[in-house]
Amino acid sequence: MSPLPPLTTETFWQILNDEIEDATVNHLLWHCLGYRYDPDQQAWRCDRVPAEWATAYPDPPDFIGSRPAIVKLTRSIPAAHKQLLKEQLGFEGYQISELTPRRTRRATAVNWLLSYLASH
């Protein structure tokens, strides 16, 4: 996998505008959660992953393709950070004609990444 893009406003808009592949979005989330791939073992390590994630997902989940994983991600965003998409990016949501589960999951991913930055 190529290097991950930086967690910047430009990257967040690229995610929201579907200009970054789903796999890259997943990898950003996995990295921030603490998942690391061990090429020697050819397996994911989760020793840096919070216990509630490591127990539920010993291997990193597909957040864009999995409703249960994205629901868990949504619930892990602190209440004080739920509006960061609007507050920091001015994102007002998608038009009804653009609304799909995949795009909603990408918006949730960006909101979680903004929350991650605010907390670290």
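Only this structure's heavy atoms are used, side chains among them; waters, hydrogens and symmetry mates stay out. Bear in mind that the values here come from a model prediction, so they are computed numbers and not experimental data.
- Across L16 and R103, no two heavy atoms sit closer than the pair O-NH2, 3.2 Å.
- Applying the 6.0 Å contact sphere to CD of E19 captures more than 12 heavy atoms from other residues, nucleotides or ligands.
- The backbone N or O of N111 sits nowhere less than 3.5 Å from a side-chain atom of S115 that would complete a donor-acceptor pair.
- Side-chain contact between L113 and F12: present, with at least one pair of heavy atoms (C-beta onward) separated by less than 4.5 Å.
- No donor-acceptor distance shorter than 3.5 angstrom exists from the side chain of R48 to the backbone of L33, with no hydrogens or angles considered.
- Using a 4.5 Å heavy-atom threshold, the side chains of L89 and V110 count as touching.
- Taking both residues in full, the closest heavy atoms of E21 and R106 are given as C-NH1, 4.1 Å, listed atom of the first, atom of the second, then distance.
- The environment of CD in Q42 is sparse: at most 12 heavy-atom neighbours from other residues, nucleotides or ligands sit within 6.0 Å.
- Considering OG1 of T24 and CD of Q14, their distance stands at 10.5 Å, rounded to 0.5 Å.
- Annotation: K82, atom NZ; neighbour count of heavy atoms from other residues, nucleotides and ligands within 6.0 Å is above 12.
- Nearest heavy atom pair, residue L84 against residue A118, reads CD1-CB, 4.3 Å.
- A donor-acceptor pair is defined here as one N or O able to donate and one able to accept, closer than 3.5 Å; such a pair exists between the side chain of N26 and the backbone of F63.
- Summarising the geometry, atom OG1 belonging to T100 is positioned 8.0 Å from atom CG belonging to D18; distances are rounded to the nearest 0.5 Å.
- Side chain of R67 to main chain of P101: no donor-acceptor pair is present (N/O by atom type, distance under 3.5 Å, no hydrogens or angles).
- Judged by distance alone, the side chain of R105 and the main-chain N or O of I64 form a donor-acceptor pair under 3.5 Å.
- Remark: the backbone N or O of P61 is paired with a side-chain donor or acceptor of W30 at under 3.5 angstrom.
- Between the side chain of H81 and the backbone N or O of I77, no donor-acceptor pair lies under 3.5 Å.
- Heavy atoms only, all atoms of each residue included: W112 and S76 are closest at NE1-OG, 3.1 Å.
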Between R36 and D47, does a salt bridge (charged side-chain N to carboxylate O under 4.0 Å, His left out) hold up when you go through it step by step? CA-CA 9 Å; R36 299 295 183 270; D47 49 310; over 6 Å; no

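- Using a 4.5 Å cut-off on side-chain heavy atoms (C-beta onward), C32 and L7 make contact.
- In this structure, W53 and A69 approach most closely via the heavy-atom pair CH2-O, 4.0 Å.
- Closest of all the heavy-atom pairs between A107 and F91 is CB-CE2, 4.3 Å.
- Ring orientation note: the planes of H27 and W44 are tilted relative to one another, at an angle of 30° to 60°.
- Atom CD of E87 is surrounded by more than 12 heavy atoms from other residues, nucleotides or ligands within 6.0 Å.
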